[in-house]
Amino acid sequence: METALIIVDVQNDFCEGGALGVSGGADTAAAITAYLRDNGWKYAAVLATQDWHIDPGAHFSPEPDYLDSWPVHCVAGTDGAELHPGLAPVVKAGALTATFRKGRYEAAYSGFEAILADPEAEVPGTTADAGELLEGAEGESLPEWLNTRRIHAVDIVGIATDFCVRATALDAVRARFDTTVLPRLTAAVHPATVPTVLGELRRAGVTIDEDA
């Protein structure tokens, strides 16, 4: 069975020093790179997702609750939305097969809501510039991309364990993919909730690989 590795939202704004930095984010990026150095041969594809917000409504708040609302982060076309430099060796080696973006006008926690990025639209600039470029952007969704290539299993890593990794894994199972989360290659917003999150994922049918 062909398997893809999905790297969820390992972006500057979700790592230390970013607008919504998670403790351990930079270490997670480095660990994913090291993992791929030794295990990249296992995967038919290596995919990355990115939050790519233009106007996500109440997802952004000046008084965030860090559950349903958040500080401004990962604005399309800004440095904060770019992949963390810890993944640069993966990109430079040509090991990243494709990138998918989500959340232009909504929260979009799951990578399965993301669509294939258009490299020609990747022009850094202001939010307004990004909005003009991506207003009508349509592309292949992540599950469509996987199904077209007859990839039926996914391993999931990235940020954050308790939000976007969780949502991506649950959607993958619902879409009938053989789904595994590698928790040692993730970082959480609320680390104390991770055992509960992993228990929920197990009950939903996700394999939790504690050794990878």
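Here the structure is a predicted model, which means the values were calculated and not measured. Throughout, residue positions are numbered sequentially from 1 according to the sequence presented.
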For residues [X] and [Y], determine if any side-chain heavy atom of one lies less than 4.5 Å from a side-chain heavy atom of the other.
X	Y	result
Leu87	Ile7	yes
Leu5	Leu36	yes
Gln50	Leu83	yes
Thr168	Phe112	yes
His59	His53	yes
Val157	Val8	no
Leu201	Ile208	yes

When you measure from the side chain of [X] to the backbone of [Y], do you find a donor-acceptor pair of N or O atoms at a distance under 3.5 Å?
X	Y	value
Thr3	Val154	no
Thr33	Gly86	yes
Glu82	Asn12	no

Restricting to non-hydrogen atoms, name the atom on [X] and the atom on [Y] that form the minimum distance, rounded to 0.1 Å.
X	Y	value
Cys74	Gln11	SG-NE2, 3.6 Å
Val173	Ala204	CG1-O, 3.2 Å
His84	Ala29	ND1-CB, 3.7 Å
Ser61	Ser69	CB-CB, 3.8 Å
Leu116	Phe100	N-CD2, 3.3 Å
Ala95	Val46	O-CB, 3.3 Å

Residue set satisfying side-chain hydrogen bond (donor to acceptor under 3.5 Å, both in side chains) with Glu106, at least two apart, ordered chain then number -> none

Residues passing the side-chain hydrogen bond (donor to acceptor under 3.5 Å, both in side chains) test with Thr207, sequence neighbours excluded, are none

Do you reckon [X] sits in the same ILVMFWY cluster as [Y], going by side-chain contacts under 4.5 Å, direct or chained?
X	Y	result
Val206	Leu146	yes
Val22	Val194	no
Leu20	Phe60	no

Salt bridge (Lys or Arg N to Asp or Glu O under 4.0 Å) partners of residues 1-14, not counting sequence neighbours, each pair once:
Asp9-Lys102

Pairs satisfying salt bridge (Lys or Arg N to Asp or Glu O under 4.0 Å), at least one member in residues 144-154, at least two apart:
Glu140-Arg149

Contact list for residues 193-212, test ring pair (Phe, Tyr, Trp, His ring centres under 6.0 Å), sequence neighbours left out:
none

Going by ring pair (Phe, Tyr, Trp, His ring centres under 6.0 Å), name the pairs with one or both residues in residues 6-25, residues two or more places apart or in two chains.
Phe14-His73

Any chance you could lay out the side-chain contact (heavy atoms from CB on, under 4.5 Å) test for Val165 and Ile159, step after step, and finish with the verdict?
CA-CA 6 Å; Val165 169; Ile159 303 172; 5.8 Å; no

Identify, with sequence neighbours excluded, every residue that meets salt bridge (charged side-chain N to carboxylate O under 4.0 Å, His left out) alongside [X].
X	answer
Glu210	Arg202
Glu200	Arg166
Asp162	none

How would you list, by chain and number, every residue that makes a side-chain contact (heavy atoms from CB on, under 4.5 Å) with Ala167, sequence neighbours excluded?
Tyr109, Ser110

Do the two ring centres, one from Trp70 and one from Phe163, sit under 6.0 Å apart?
yes

Identify each donor-acceptor pair in which a side-chain atom of residues 179-192 lies under 3.5 Å from a protein atom, sequence neighbours left out, and give them as a table.
residue, atom, partner, partner atom, Å
Thr179, OG1, Phe177, O, 2.9
Arg184, NH1, Asp211, O, 3.4
Thr186, OG1, Thr161, OG1, 2.8
Thr186, OG1, Pro183, O, 2.8
His190, NE2, Tyr66, O, 3.2

Distance check, rounded to the nearest 0.5 Å: Leu47 atom CG versus Ile151 atom CD1?
6.5 Å

Quick one: CG on Asp51 to SG on Cys164, what's the gap to the nearest 0.5 Å?
5.5 Å

Output every pair passing side chain to side chain donor-acceptor pair (under 3.5 Å) with a member in residues 37-48, not counting sequence neighbours, ordered by first then second residue.
Tyr35-Tyr43, Asn39-Lys42, Tyr43-Asp155

